[in-house]
Amino acid sequence: MSNSRRAGRLAVDSDVELNRIQDALRTSEAEFRTLVETMPQIVWVTRPDGWHIDFNQPWLDYTGLTLEESLGFGWNPPFHPDDRERAAERWLQATSSGEPYEIEYRLRRWDGVYHWMLGRALPMRDAKGNIVKWFGTCTDIDDLKRVQERLDEAQRVGKIGDWEYNPVTEKTTWSLVVYSLLGRDSRLGPPQTLHESALLFDAESADILKKMVGLGVTSGQTQRFDLRTKAGRGKEVYVQVVAVPQKNGLFDVGCGIRPLSWARI
């Protein structure tokens, strides 16, 4: 699964938690307090104008601040200096428009270490549609960010590309690395069909590509295979492919070049 999809799933999960918080408050103050104090995420509450009036214990434990130090605009100083203004502007925009708040930023831990966080907030409205409170969460995404950085570096150094294919519509999306690996001018765009993609490989590899994609579609299992193609002035190269079926019907296809002497085709 790509990092953008992981981030999207975190955002969806955060929305679920925010809705749970609002439901708990509507039921009773005691249920609300029990929920937010047992959640692993940082939870915060503000007035309609965005003035912070409450934080749960994970915020206090993480930042080392007292509740009194955190209220009002006290939430902003623990942000990384490069993120403070951006976060404040985004929060002002959300509270002025009533639109959901979402941002990634670095938050300083009590020991001075910064972690990447996904901040999200939704407004709670009364029967007339007026905002009565905002509920927000901070989710630690530092591990995801580090993985993304390593993947970006691996793509840069190891020539690993992204190839997405929809077996229903046959829509194909390539990263620039895939164009380079397969010797195709990026101005042409990706192949329009699986058959057109197969034409980029020799006859044996073309059959393998069609067979493995078909097997992935029917089995729902990840497929790993090697292909042989020609790229750039007729130079023959070998490509290792990992095709991962997704629940939405798409394939994430990772392509990585490897030395000719390693090839098993």
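When reading the values below, keep in mind they use all heavy atoms of this one structure, side chains included, and skip hydrogens, waters and symmetry mates.
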For the pair Y62 and H115, name the ring-plane relationship: parallel under 30°, tilted 30 to 60°, perpendicular over 60°. perpendicular
Going from CG on L107 to CZ on F79, what distance comes out if it is rounded to the nearest 0.5 angstrom? 6.0 Å
When rounded to the nearest 0.5 Å, the distance separating CG of L188 from OH of Y179 is 8.0 Å
Where the side chain of N56 meets the backbone of V43, is there a donor-acceptor pair that is under 3.5 Å apart? yes
Is Q223 reaching over with its side chain to a backbone N or O of Q221, donor-acceptor style, under 3.5 angstrom? yes
For a quick check under 3.5 Å, do Q41 and T139 share a side-chain donor-acceptor pair by atom type? yes
Contacts of P191 that satisfy side-chain contact (heavy atoms from CB on, under 4.5 Å) - sequence neighbours left out: W174, R184, E196, S197, L200
Gap between atom SG of C138 and atom CH2 of W44 - 0.5 Å precision: 6.5 Å
Please list all pairs meeting side chain to side chain donor-acceptor pair (under 3.5 Å) that have one or both residues in residues 84-100, counting only residues at least two apart or in different chains. D83-R86
Applying a strict under-4.5 Å side-chain criterion to I, L, V, M, F, W and Y, I'd like to know whether L67 and W110 cluster together. no
If the threshold is 4.0 Å, N to carboxylate O, is there a salt bridge linking R47 and D49? yes
Applying side-chain contact (heavy atoms from CB on, under 4.5 Å), name anything that partners S70, two or more places apart in sequence or on another chain. F55, W59, L60, L65
Examine distances only and state if a side-chain atom of E170 and a backbone atom of L194 form a donor-acceptor pair shorter than 3.5 Å. yes
Under 3.5 Å: donor-acceptor pair, side chain of D202, backbone of T229: no
